[in-house]
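Notes follow once the structure below has been shown.
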Amino acid sequence: MNERIKELAEQAVIAVDNPFPGNPLNDELEKMYIPDCFAEKFAELIVKECCDIFVELRTRPADLAVKDVKKHFGVEE
């Protein structure tokens, strides 16, 4: 798996809110294993969708295109 995809998948698992810190089950969920094939395909789909958006918006300034991609995926600034 691409090293950057692996890093991002690990960051996502760590970033997930744990509603019951200190609960052994939830502590284990934070260390959840994500299969390489899933993380790789997930990243591939996100990149493809971003590229499709940029192709549609290629005549717009980059800062507006970035805002549109964030809005498309529901990413807050």
When the side chains of residues 47-54 are checked against the rest of the protein, which donor-acceptor pairs come out under 3.5 Å, sequence neighbours left out?
residue	atom	partner	partner atom	Å
K48	NZ	D52	OD2	3.1
E49	OE2	H72	NE2	2.3

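Between the CG atom of L45 and the CD atom of E40 there is a distance of 11.0 Å, given to the nearest 0.5 Å.
For K71, the side-chain contact (heavy atoms from CB on, under 4.5 Å) test picks out no residue, with sequence neighbours left out.
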